[in-house]
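Only one structure is covered here, and it is reproduced in the block below.
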Amino acid sequence: MTDERADIDVDKGRGPRRDQAGTFTYVALLFLLSGMVLPLLWTVLTSFKYNVDVTLGWIPPRWTLDNYVGVVEAFSFLRYYLNSLFIACAVTLVQVATSVMAAYAFARLQFRGRDLVFLGYLATMMIPSDVLMIPQFVLMKKIPEWLNMVFGTEAFGGFVYFRHHYVGRPVGLDSFFALIAPGCFSAYGTFMLRQFLLGISHEIEEAAYIDGCSPWGVFRHVILPLAKPALAALAIFTFLGRWRAFLWPLIMIDSDSMMVLSVGLAKLSDLYSNNYGLICAGTVLMLIPMIAVFVLCQRWFISGIQLGSVKG
Amino acid sequence: MKRQGWAAVGFLTPNLVGFLIFTLGPVVAAAGLSFYRYQLASGQAPDFIGLANFAELVGFDRVDGEWKALDPYFWQYLGNTLFLMLNIPFSMAGALILAVLLNKNLKGRIVFRTFFFIPHLCHGVAIFMVWKMVFTFEPNVGIINGLLWSLYKFLGIPAEQAIGLLPGWLIDKNWAKPAFIIMFVWASVGGFNMILYLAGLQNIPPELYEAAEMDGAGWWARLRHITVPQLAPTTFFIFVTSIIGGLQGGFEAAYIMTAGGPEGSTTTMSYYIYTQAYERLEIGYAATVSMVLFGLIFALTMINWRFGGKRLEAA
Amino acid sequence: MRFLRLGGLVVIVLSVLIGASQFRLYPTEDVLTIWVRGTPEQTAIYRQIIDEFRTLNPEAKLRVEVMPARRFVQKLLAGIDAGHAPDVFNLHWRDMPQVSSTGQLLPLDELVDRHGIDRDDYYPVGLRAYTYRGVLYGLPVKGSTISCYYNMDLFDRYGVDYPTDDWTWEELVEKAQKLTVDEDGDGMTDIYGLTPYDIANYVWSAGGDFLRHQDGRWVSNLDDPKVLLGTQFYVDLYFKNKISPPRPGMRSDNPMSTFTFEAGRVAMAITGPWRIPDYQLLDRFRWNLALVPEGPGGRQTRYAGSGFSIWKDTPQPEAAWKLVEFLVGPESMAKMAVLGSDLPPQRSVARTTFLREGTPWDEEVFVRAMDYEVQIFPQEVWWEDLFRRMQDELDAALAGRETVAESLRQAHEVTNAYLDRIYRDSP
């Protein structure tokens with residue numbers, strides 16, 4: 001069942017005309033839209049320009065594909081792309097799972113100290129990352145040392161080579177672990193989903209409890225289907241956030257074999273020389289997965305109420 | 001309702017364990033740094049100085065019968081940051097209206113949503129560059145001033161006078177901040193907030209609207225009495241994250257468009273923290289700035305929680 | 001479906017097992033890590049140079065990583081703070097005070113002398129930029145200063161003589177005024193005469209400086225009438241003569257305006273050789289290079305360069321030094337010079353390798369420019385922060401809100417208050 005079909009069916013079933021968009025809506029949206037596409041247009045056009053032509057108006061006076069070639073050659077483009085994709089997908093999957101469980105506890109379960117723990121979550125979001133970076137860096141450096149101490153080995157500390165290619169450490173700095181693990185447990189996602197779950201009416205849930213459901217049963221069969229739009233939203237945010245994250249991978253990763261695309265894009269410029277054509281070509285190539293995820297996730301933006309009651 | 005402590009532990013554990021290790025630990029350490037004088041990377045042990053950093057940051061001193069801030073730049077940049085946060089109410093209202101519009105049954109809805117989200121997908125450089133062109137002072141280049149210039153011409157104002165009437169968007173300290181606010185509103189109106197509102201709208205039972213329609217409630221009344229209250233938890237989330245983003249943000253935009261000028265009018269707190277931590281290497285002082293910011297965000301959040309969020313949550 | 005899933009699982013497990021059998025653990029110590037940065041063209045050449053080093057020294061285990069310029073220092077300092085840093089790394093001259101003040105760089109004086117590096121062959125400003133409190137902490141790999149690019153077509157069209165080697169500030173203004181034109185007569189300037197680079201060059205060329213040493217510490221020198229002269233000249237370019245396109249304050253180097261030299265909308269652009277790789281693609285107009293004009297205090301311009309430093313705690317200082325010596329040596333410099341954007345740090349090498357065959361513009365200008373006074377900023381951790389605040393005060397004059405003298409007086413007070421606080425905190 002596609003998104004469009006579902007909504008149309010819903011509207012037909014309910015009948016009221018108010019959900020049908022009028023001409024005014026279209027005009028208003030199109031007007032706003034024209035302003036929104038400007039940066040995209042500029043990016044795409046600039047990606048076909050030589051750097052000396054960037055300031056010469058919007059249309060390239062000389063079209064060139066050099067920038068695309070340049071981006072692919074400037075660093076191990078395919079590897080960065082796959083790394084980014086892998087990290088973004090892994091973090092998204094785990095983060096959405098852990099967040100929705102914690103959010104359910106905060107929003108729907110009664111327990112001592114609930115608001116206090118939740119406030120603790122909230123508070124950690126309020127510390128700027130520039131300062132947080134320093135202790136986080138030390139922590140990442142210490143983790144393999146601690147693990148070595150506990151297990152009495154050296155295995156967590158050394159460099160790992162695959163044939164002749166350096167592939168980083170198993171844990172700690174300069175490892176995939178550093179890129180993925182901290183992103184999996186997010187105060188942001190928990191907070192967001194909690195707020196969303198608060199908005200779901202209690203009646204269905206109470207009916208399930210009366211039927212003898214356990215909290216897990218309620219979570220699985222009532223809350224999760226209803227939370228679909230919010231999960232989709234969080235998935236979009238997490239994926240985009242990880243896909244574009246710059247500072248964290250830059251600080252954590254040294255090796256080319258684990259580097260991500262957003263950092264690669266920054267490698268295209270030096271302090272004084274910004275090659276905007278190159279940057280834009282890189283941006284265009286980076287856009288594709290983001291748009292794909294955004295469009296795909298929207299299939300989940302179906303009215304949760306409708307879905308819940310159909311299934312329930 | 002009965003207590004569900006054990007179930008809660010089960011649901012919380014996966015997130016809480018990682019949260020304690022990767023987030024809370026470093027946060028506590030960072031908070032602790034604000035009580036030390038610590039030169040980054042100097043290899044010297046941190047020097048405990050109690051509240052001296054805080055005194056230095058927010059303190060005042062009486063010089064020649066006049067109260068003077070010990071760190072005037074902190075206040076200036078804080079003022080800039082708070083001023084730039086004026087975009088938040090506009091962004092939030094815009095996002096809500098847009099979400100309501102895009103939740104209607106229109107053709108090509110996904111295309112519309114995607115295009116409104118485009119500013120969030122593009123590289124910051126592209127956005128700031130385009131807006132730099134929009135805000136260029138010369139009417140033969142800058143789009144806004146170009147329109148104003150034609151208007152002045154139409155009204156018959158002579159050229160010499162008309163130049164004086166053009167806003168100096170990025171080159172005048174009084175116009176730089178409004179220019180940034182316009183840009184921020186534009187960039188955020190179709191972004192995360194709209195997506196959140198869209199997700200929230202799916203949750204409102206249609207019966208509520210139907211009942212209201214029976215009572216003859218108009219478009220505005222429905223928005224005011226059903227949509228807005230029903231979305232209150234989402235709004236609380238957007239409010240808190242916007243405050244956090246607002247107080248911690250602005251570095252990139254300022255860096256590319258104005259480098260923090262003119263006259264420091266677009267320098268924000270994040271710029272200040274960065275320079276204190278990684279240029280001056282005073283990481284203890286930077287932690288102090290962070291803690292003061294944290295206090296501000298926390299206070300604003302609690303006010304909203306007490307007077308807005310809580311009441312609605314109980315409902 | 002179930003079968004597919006099972007198959008997938010088997011494939012994953014098998015590939016992990018096969019992969020794991022190929023993994024080997026190396027001890028951390030014997031690998032030498034090098035971080036380089038630059039444009040893709042520059043880093044590609046660094047890689048070539050290091051590959052050559054590998055063939056000459058097959059025993060060396062090297063790990064080369066290219067790092068972005070953005071937030072590079074943050075990454076480096078966070079790493080050094082936790083004891084996790086590269087052995088050899090590229091440092092921009094303006095980042096030197098920050099990094100060397102931590103005391104985490106290997107002093108190079110003794111190594112330089114022992115290996116017979118000819119200090120006198122280096123441009124002195126390059127070595128000065130890599131010296132902190134009298135100790136050499138890095139060797140420059142490139143270093144240059146600014147010159148004036150001019151659009152010959154525009155000069156011809158408006159009948160202006162090309163700049164000569166002995167031109168002065170007055171001539172600069174005179175030429176720029178002739179080249180600031182409103183082509184279509186709508187009351188708006190279509191072509192500007194000049195983008196002047198930053199204010200420091202003009203303060204220095206007027207014979208002034210921002211700070212001066214007094215009683216063993218820095219104090220503000222903004223009350224010097226020569227500073228007023230230079231600042232007045234600079235502000236007049238924008239405010240009185242209107243020969244330079246408006247900009248968002250002095251801090252911004254206005255990287256992206258439609259009024260650029262390459263768009264043909266600015267007749268003269270004062271900037272460094274790093275623009276050459278871009279400008280050599282220009283086919284819309286002919287251009288050439290000239291020395292910057294002479295001010296009342298001579299021709300004094302700002303240095304820009306980059307170099308290599310070694311981490312103090314590197315396990316193999318000798319190997320690291322060998323690499324640095326090779327990286328800044330004449331052979332590798334010759335490779336770098338092909339780009340046209342990087343002037344070698346040694347006088348002898350610059351004269352021989354930097355000039356390329358068959359370029360229609362006078363590239364030698366950048367070599368000659370190094371023979372005049374080339375200045376650096378005070379080598380202090382707080383300088384960048386302070387300089388921003390000075391510029392913020394001067395912006396009021398740039399906007400025409402205050403006179404230059406008035407804003408300089410403000411900046412003077414702000415600077416001294418700032419410095420007082422610095423010296424009170426750390427005597």
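The figures here come from the full heavy-atom set of this structure, side chains too, leaving out hydrogens, waters and symmetry mates. Bear in mind the structure is a predicted one, so any value in this text is a computation, not a measurement. Residue numbering restarts at 1 for every chain, and letters A, B, ... go by the order of the sequence lines.
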Checklist line | Heavy-atom proximity to chain B below 4.5 Å, by part of A:Leu33 | finding: both
Note to self: Report which part of A:Leu197 has an atom under 4.5 Å of a heavy atom belonging to chain B: side chain, backbone, both, or neither.
What the structure shows: neither
Check: Just wondering, do A:Val131 and B:Tyr274 contact through their side chains at under 4.5 Å, heavy atoms?
Finding: no
Notebook entry, point to check: Once you round to the nearest 0.5 Å, how far does CE of A:Met36 lie from OG1 of B:Thr114?
Noted result: 13.5 Å
Margin query: If you count heavy-atom pairs within less than 4.5 Å of chain A, which of B:Ala29, B:Ala7, B:Ala8, B:Gly32 leads?
Written below: B:Ala8
Notebook entry, point to check: A:Leu41 versus chain B, heavy atoms under 4.5 Å apart: side chain, backbone, both or neither?
Noted result: neither
Next item on the list: Pick whichever of A:Gln95, A:Gln136, A:Met133 has the most heavy-atom pairs under 4.5 Å with chain B.
Entry: A:Gln136
Item checked: Spatial distance of atom CE (A:Met126) from atom CG (B:Leu296) [nearest 0.5 Å] -> 11.0 Å
Item checked: B:Met129 side chain near A:Tyr276 side chain, heavy-atom distance below 4.5 Å -> yes
Margin query: So B:Phe117 and A:Gln298, do their side chains get closer than 4.5 Å, heavy atoms only?
Written below: no
Margin query: Shorter than 4.5 Å, heavy atoms on both sides: which option in A:Tyr104, A:Tyr121, A:Phe106 has the most such pairs with chain B?
Written below: A:Tyr121
Check: Which atoms of A:Leu40 come close to chain B, meaning under 4.5 Å heavy atom to heavy atom: side chain ones, backbone ones, both, or neither?
Finding: both
Notebook entry, point to check: Out of A:Ala123, A:Ala230, A:Ala97, which one racks up the most heavy-atom pairs below 4.5 Å with chain B?
Noted result: A:Ala123
Checklist line | Among the listed options A:Met192, A:Met290, A:Met125, A:Met140, the residue most often paired with chain B at heavy-atom distances under 4.5 Å | finding: A:Met192
Item checked: Atom pair CE/CG of B:Met302 and A:Leu119 - distance to nearest 0.5 Å -> 5.0 Å
Next item on the list: Can you measure from NE2 (B:His120) to CD1 (A:Ile236) and round to the nearest 0.5 angstrom?
Entry: 12.0 Å
Margin query: Measuring from atom CD of A:Gln195 to atom CZ of B:Phe239, what distance do you get when rounded to the nearest 0.5 angstrom?
Written below: 12.5 Å
Next item on the list: Please tell me if the side chains of A:Val295 and B:Arg113 come closer than 4.5 Å, counting only heavy atoms from C-beta onward.
Entry: no
Margin query: Has B:Tyr278 got a side-chain atom pairing as donor or acceptor with A:Asp130's backbone, closer than 3.5 angstrom?
Written below: yes
Next item on the list: May I ask you to test the A:Trp42-B:Met133 pair for a side-chain heavy-atom distance under 4.5 Å?
Entry: yes
Item checked: Which atoms of A:Arg114 approach chain B - backbone, side chain, both or neither, heavy atom under 4.5 Å -> neither
Next item on the list: Under 4.5 Å heavy-atom distance to chain B, tell me which part of A:Ile279 shows up: side chain, backbone, both or neither.
Entry: side chain
Notebook entry, point to check: With a 4.5 Å heavy-atom cut-off, do B:Ile127 and A:Leu38 have their side chains touching?
Noted result: no
Check: Would A:Phe185 and B:Phe19 count as a close aromatic pair, with their ring centres under 6.0 Å?
Finding: no
Checklist line | Segment of A:Phe191 engaging chain B (4.5 angstrom heavy-atom cut-off) | finding: both
Note to self: According to salt bridge (Lys or Arg N to Asp or Glu O under 4.0 Å), does anything in residues 281-295 of chain B pair up with another residue at least two apart or in another chain? List the pairs.
What the structure shows: B:Arg37-B:Glu282
Check: Are A:Trp58 and B:Val130 side-chain neighbours, meaning at least one heavy-atom pair lies under 4.5 Å?
Finding: yes
Notebook entry, point to check: Going by the side chain to side chain donor-acceptor pair (under 3.5 Å) test, which pairs reach into residues 184-193 of chain A, not counting sequence neighbours?
Noted result: A:Thr190-B:Asn15
Margin query: At a 4.5 Å cut-off on heavy atoms, which part of A:Met286 comes close to chain B: side chain, backbone, both, or neither?
Written below: neither
Note to self: Among B:Phe115, B:Trp186, B:Phe116, exactly one meets side chain to side chain contact (heavy atoms under 4.5 Å, CB included) together with A:Leu32. Which residue is that?
What the structure shows: B:Phe116
Item checked: Flag side-chain contact, heavy atom, 4.5 Å: A:Trp216 against B:Phe11 -> yes
Check: In Å, rounded to the nearest 0.5 Å, how long is the span from CD1 of B:Ile283 to CD1 of A:Ile134?
Finding: 4.5 Å
